[in-house]
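Written below as structure tokens is the structure these notes are about.
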Amino acid sequence: MGKLNNGLFGGFSGRVGNLVGYILNGKPIVRVIGHSDKPLSPARKANCQKMTVINEFLRPHLNFIRTGFRLITVGTDRNFYNEAVSYNKKHAVQGVYPNITMDYTKALVSMGNLLPAAKTEISNHEHGIEFKWEVPADLLWEHRNDRAMLLIHFPDAKVSTAVMSGSRRHEGREVVAIDPSLAGSRIEAYISFINEDATEISNSVHAGSLNHTEIENLQTPPPEKSTKPVVQQKTKTTPIAPQKPTQQHKSFRWTSSQFNSSAPLYNYTFSAPPS
């Protein structure tokens, strides 16, 4: 059921039929809920998987994302979360459907024009995770007191830990406490800087990874032997017609040299067949 906020023509919130009304950045929005019975194309399947991968990465640290992308959406009707999704979907996914995954080294959790961190590293510490970054010798005074914003993401557990206002830039290090039960979990870490009055923020930097499971390089197994019998090709030869064995035929002819009634006599003459 929808609710009229400002009279009949003032927009509404909620759902009416296949229409949904809500307020986005101070503006009334109405959307149509569509439904399709058509099977998903390969491109739509890939897009759905990309959105799933990006949302699983961004949702555990919404507060960090809100601060990280808020400044670039000020004065527009764009949404901080949509901006984060748009950038990371375009730049921080890898692979092809159905094996699309995050490329954590290319992900951004904040976006701005402030000087970013340089030469970062992370390591295990007795009290959590230690971040370190380079402090340039020629660092401008106006950047010395920028505050570090630190994010530790646990991809397997789908949770995160964040420090929104950490050490000052010129200190070069910060230790972030984490849940002890996650100490051995895979870690992807990010660092940003925000100035003292929160009017400028830097692009985030992938500070490092910990506890990655090593994948053994398996040798490619040799191809399986075919179970089909090997057919040997026979050399074609001109068949030789078998010779018929020579048969000896006997023929005869007879002649009567004499004949009388008292002593008949028969003389036979045999001759061989012609060759």
- prompt: Short question: side chain of Arg144, backbone of Glu171 - any donor-acceptor pair under 3.5 Å?
  reply: no
Aromatic ring pairing His127/His125, orientation class (parallel under 30°, perpendicular over 60°, tilted between): tilted
query: Under 3.5 Å, is there a donor-acceptor pair linking the side chains of Asn55 and Tyr81?
result: yes
message: I want to check something: taking the side chain as every heavy atom from C-beta on, are Asn82 and Phe69 in contact at a cut-off of under 4.5 Å?
response: no
message: Main chain of Asn203, side chain of Asn113: is a donor-acceptor contact present, judged purely on distance under 3.5 Å?
response: no
statement: Applied to residues 161-187, the ring-ring contact (aromatic ring centres under 6.0 Å, His included) test, sequence neighbours excluded, yields none
message: If only side-chain N and O atoms count, and only distance matters, is there a donor-acceptor pair under 3.5 Å linking Arg66 with Asn63?
response: yes
Tyr190-His153 aromatic ring centre distance below 6.0 Å: no
- request: Compare every heavy atom of Ser202 with every heavy atom of Pro116, then report the nearest pair and how far apart it is.
  value: CA-CB, 3.9 Å
query: Quick one: salt bridge (Lys or Arg N to Asp or Glu O under 4.0 Å) pairs with a partner in residues 183-200, sequence neighbours left out?
result: Arg168-Glu196, Arg186-Glu188
task: Report yes if the side chains of Phe193 and Ser110 come closer than 4.5 Å at any heavy-atom pair, otherwise no.
output: no
message: Whether the side chain of Ser160 engages the backbone of Pro60 through a donor-acceptor N/O pair (distance < 3.5 Å, no angle test) should be reported.
response: yes
query: Is there a donor-acceptor pair under 3.5 Å between the side chain of Glu121 and the backbone N or O of Gly208?
result: no
- prompt: If you measure only the distance, is there a donor-acceptor pair under 3.5 Å linking the side chains of Asn195 and Thr199?
  reply: yes
task: Using modelled atom types only, decide if a donor and an acceptor are shared between the side chain of Thr76 and the backbone of Thr73 within a distance under 3.5 Å.
output: yes
message: Would you say Lys89 and Asn47 are linked by a side-chain donor-acceptor pair, where the criterion is simply a distance under 3.5 Å?
response: yes
message: Taking Arg169's backbone N and O only, do any of them form a donor-acceptor pair with Trp133's side chain (distance below 3.5 Å, no angle check)?
response: yes
